[in-house]
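The structure appears right after this line, and notes come after that.
Reckoned from all heavy atoms, side chains included, excluding hydrogens, waters and symmetry mates. Residue numbering restarts at 1 for every chain, and letters A, B, ... go by the order of the sequence lines. No experiment lies behind these values; they were computed from the predicted model shown.
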Amino acid sequence: MQEEKQFVNAIADIEKNFPQWFTDVVIKTKLVDYGPVKGTMVMRPYGYAIWERIQQHMNKMFVATGHQNAYFPLFIPASFLNKEKEHVEGFAPEVAVVTMAGGEKLAEPLIVRPTSETVIGEMYAKWIQSYRDLPILINQWANVVRWEKTTRPFLRTSEFLWQEGHTAHATEEEAMQETLQMLGIYKKFLEEYLAIPVFTGQKTEKEKFAGAVATFGVEAMMKDGKSLQSATSHYFGQNFAKAFDIQFLDADGKHKHVYTSSWGSSTRMIGALIMTHGDQRGLILPPKVAPIQVIIVPIMQKKQGVLEAVANLKSKLHNAGIRVEADQTENTPGWKFNEWEMKGVPLRIELGPRDIAQNKVILFRRDKLEKIELSLDSVEEKVKELLENIQCALYESALMRRQNRIVVANTEKELKDAVDNGNFVQAGWCGDRSCEEQIKSNSAASARVILDETNKNVVFSTPPHPIEANTVCVCCGKKKKHVVLFAKAY
RNA sequence: CGAGGUGUGGCGCAGUUUGGUAGCGCGCUUGAUUUGGGAUCAAGAGGCCGUGGGUUCAAGUCCCGCUACCUCGACCA
């Protein structure tokens, strides 16, 4: 067995230095680069192409459930943020404020939106008169700014791209139903398109969104055992409706405040993708969102007939609806193999004179690092089949890894040991905030989601281990109120 | 925001202890030979050493400030 050669541009060891591995991968594969302003990132074409595919698929799901896209302004009067007490307390520390414009000091400072509940609330108040105007189901694809202290590409940047849905309803039930429906859509998207298994459930009071009545989260386990919140959905009750006076005249002739929801997911999902599937060689992209699904590497491309055969194969695959590119640069085949593996292209096809003579090609699966020989004649069908297979295999292996790393804990020590070893923890919790805070300060693990013991809604994750395993609060030992998933989080 | 680390051709680094002509590897350009797991040879191009100030005859090197990035905390949907 030959040792893997060390290269000057080698990426950090994924086992020993996961954070550095992540940074190396995103920079070296040209997904992103750092912007000139602290905490900002440039999404380069390869990274942006992934985002475009995410947008495309998600947007279809939003439209299919009756939502429409719109766009609200970047600038928000500073006073808007103050209208909802908890909201301002949550966001004030991290907003960027514009105080000067056009060479003059502004009478009222403008904030650069950290999220758009407030402007949208203001507009909904104007647009909604009657119960006939409801529901309003709007989504926007936008950028938001949050001045975070620690920033990392994709995971936490000063400015990021996301979608935020904002809906208004006549009744509590309908608004809650919407909130949970969207939670379900996120779960479906992450699992089916990004091949990331997730836990869904309600957030604790401590972890909920500033201004929400209830927050629901989608949590995924990264390869280092930490959890990444990959999307959230909030039920606001009438909090924002009252703050922005969003009222309608109901069929019974009475004025009522609407019930609102909001839900969001961001470019952070690309971070989740990388940290769920990547390996020592770099990225592994699920075929459904990979900008390039198949890369053709010509062997001895100057030999007569090779590039023609490559062009034929490329157009054959392209016509079959496969995203395919051929690498005809002057680099050696070995260089190209490594490069495209690092970039996570799910399938590689090697095509050289020997293959042409024998009417075959060599396929290489990025996820399993297997070479497969097959006839040129049936290549489209086989490639399509393999792409589907890779999509499933990525999900399966992520799921299996996650299942092996969820531990039941009944004491704080067990909990701490488990999370320190890169596990998620299923534990009982009495419901007291003081216990939750103590667990956080002792173990660095936070409550990610409350697991659903009763299976009352199919969208919520049930405890992975039997609930009899947790009868008491992991912190105080009193009778448990909820079963909670604890983990260190990004 | 706290502790620690790092900023030197595009990238990765040495040089800083002990101040005295800016170096190496990769990449890049040109040409030739190569091509089935990061090719070889030859000839080239490319640097106010992160930034502002100070000490000195002389600063990449010493002193002070600032800034960016990395790690760990704190903070944070």
Side-chain angles (χ1 to χ4, degrees), chain A residues 2-12 16-24 27-28 30 33-41 86-87 89-95 114-115 117 144 146-153 155-158 160 162 164 203-204 206-212 214-219 228-234 236 262-266 268 281 297-303 306 327-342 348-356 358 360-362 364 369 371 373 440-441 444 446 448-449 488-490:
Chain A
Q2 253 189 329
E3 235 178 272
E4 191 123 334
K5 234 167 142 185
Q6 283 298 307
F7 302 104
V8 179
N9 287 327
I11 50 189
K16 292 186 188 132
N17 195 348
F18 195 71
Q20 189 63 52
W21 170 87
F22 178 80
T23 309
D24 285 352
I27 299 292
K28 287 180 175 159
K30 299 192 169 81
D33 205 347
Y34 290 107
V37 174
K38 179 180 157 51
T40 60
M41 73 174 180
E86 287 182 19
H87 192 65
E89 284 170 6
F91 282 103
E94 57 185 67
V95 289
T115 179
E117 276 74 12
V144 287
R146 297 180 188 183
W147 222 253
E148 303 281 3
K149 286 176 179 152
T150 301
T151 56
R152 304 191 54 200
L155 305 179
R156 181 169 287 112
T157 46
S158 304
F160 57 92
W162 77 344
E164 49 179 325
K203 290 278 185 181
T204 61
K206 181 179 185 299
E207 300 283 332
K208 84 174 186 195
F209 178 81
T215 287
F216 302 89
V218 179
E219 297 282 331
L228 185 69
Q229 180 169 314
S230 307
T232 52
S233 189
H234 315 289
F236 290 130
S262 85
W263 25 277
S265 66
S266 71
R268 180 185 265 191
R281 296 193 188 188
V297 175
I299 311 291
M300 295 195 269
Q301 61 188 18
K302 285 182 185 164
K303 289 264 159 41
V306 173
D327 184 351
Q328 299 180 11
T329 60
E330 294 291 314
N331 297 309
T332 62
W335 191 93
K336 293 175 186 175
F337 295 168
N338 286 293
E339 179 72 8
W340 291 108
E341 281 166 19
M342 183 170 77
R348 173 176 80 234
I349 300 182
E350 301 170 25
L351 185 57
R354 196 194 300 163
D355 310 298
I356 295 164
Q358 297 171 28
K360 66 167 176 66
V361 290
I362 307 285
F364 179 86
L369 306 175
K371 283 199 179 187
E373 205 176 288
K440 179 84 194 278
S441 69
S446 53
R448 303 319 303 160
V449 289
K488 291 186 184 177
Y490 275 94

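- Looking at Glu339(A) and Arg348(A), no side-chain N of the basic residue comes within less than 4.0 Å of a carboxylate O on the acidic one, giving no salt bridge.
- No engagement by Phe22(A) is indicated, since no non-hydrogen atom pair under 4.0 Å with the nucleic acid exists.
- Pairing of G2(B), defined by two Watson-Crick or G-U wobble distances under 3.5 Å, is identified with C72(B).
- Contacts of Glu117(A) with the nucleic acid, taken as non-hydrogen atoms under 4.0 Å apart, are absent.
- Between the side chain of Lys302(A) and the base of U34(B), at least one donor-acceptor pair of N or O atoms lies under 3.5 Å.
- Across all strands shown, U61(B) remains unpaired; no Watson-Crick or G-U wobble contact has both distances below 3.5 Å.
- Looking only at distances, no side-chain donor or acceptor of Asn338(A) sits under 3.5 Å from a matching main-chain atom of Trp335(A).
- Every salt bridge (charged side-chain N to carboxylate O under 4.0 Å, His left out) that Lys371(A) has, sequence neighbours left out, goes to Glu350(A).
- At a threshold of 4.0 angstrom between heavy atoms, the contacts of Trp147(A) with the nucleic acid are absent.
- Shown here, U56(B) forms no base pair; nothing in the strands shown gives a Watson-Crick or G-U wobble contact with both key distances under 3.5 Å.
- Across all strands shown, U33(B) is found opposite A39(B) as a Watson-Crick or G-U wobble partner, with both distances under 3.5 Å.
- The shortest distance between the side-chain N/O atoms of Arg152(A) and the OP1/OP2 oxygens of U71(B) is below 4.0 Å.
- Within the nucleic acid shown, Glu350(A) comes within 4.0 Å of at least one base atom, counting heavy atoms only.
- Around the NZ atom of Lys206(A), the shell of radius 6.0 Å holds more than 12 heavy atoms that belong to other residues, nucleotides or ligands.
- The phosphate of C70(B) has OP1 or OP2 within less than 4.0 Å of a side-chain N or O from Tyr34(A).
- A donor N or O paired with an acceptor N or O is not found under 3.5 Å between the base of A77(B) and the side-chain atoms of Thr115(A).
- In terms of position on RNA chain B, the residue among Thr40(A) and Glu148(A) whose nearest nucleotide sits closer to the 5' end is Thr40(A).
- Base-pair partner of G7(B): U67(B) (Watson-Crick or G-U wobble, both distances under 3.5 Å).
- In this structure, the nucleotide among G36(B), C75(B), G37(B) sitting nearest to the side chain of Lys149(A) is C75(B).
- In this structure, Glu339(A) reaches the bases: a heavy-atom distance under 4.0 Å links it to at least one base atom across the strands shown.
- Which of U71(B), G37(B), G36(B) sits closest to the side chain of Ile362(A) comes down to G36(B).
- Pair assignment for U17(B): none, as no Watson-Crick or G-U wobble contacts are both less than 3.5 Å.
- Using the Watson-Crick or G-U wobble rule with both distances under 3.5 Å, G27(B) pairs with nothing in any strand shown.
- For Thr150(A), whose side chain is taken as the heavy atoms from C-beta onward, the closest listed nucleotide among U34(B), G38(B), C1(B) is C1(B).
- Ring-centre distance between Phe337(A) and Phe364(A): not below the 6.0 Å cut-off.
- Toward the 5' end of RNA chain B, the nearer of the two residues Gln20(A) and Thr215(A), judged by each one's closest nucleotide, is Gln20(A).
- Of the candidate nucleotides G36(B), G38(B), C70(B), G36(B) has the atom nearest to the side chain of Pro353(A).
- Closest approach to the Phe160(A) side chain among U34(B), C76(B), A77(B) is made by A77(B) (side chain taken as heavy atoms from C-beta onward).
- Evaluation of atom-type donor-acceptor distances gives a pair under 3.5 Å for the side chain of Lys371(A) against the base of G37(B).
- Between A39(B) and Thr332(A), a contact under 4.0 Å exists linking OP1 or OP2 to a side-chain N or O.
- At the heavy-atom level, Gly39(A) lies under 4.0 Å from the strands shown only through sugar-phosphate atoms.
- Taking the C1' atoms as reference points, C62(B) lies 10 Å from U56(B), given to the whole Å.
- With sequence neighbours excluded, no residue forms a ring-ring contact (aromatic ring centres under 6.0 Å, His included) with Tyr34(A).
- Counting non-hydrogen atoms under 4.0 angstrom, Gly90(A) reaches the backbone sugars and phosphates but no base.
- In this structure, Arg146(A) forms no cation-pi arrangement with Phe91(A), as its terminal cationic atom is not both closer than 6.0 Å to the ring centre and no more than 45° off the ring axis.
- In terms of polar N and O atoms assigned as donor or acceptor, the side chain of Arg156(A) comes within less than 3.5 Å of the base of C76(B) in a complementary pairing.
- The base of G36(B) sits with one of its N or O atoms less than 3.5 Å from a complementary donor or acceptor on the side chain of Asp355(A).
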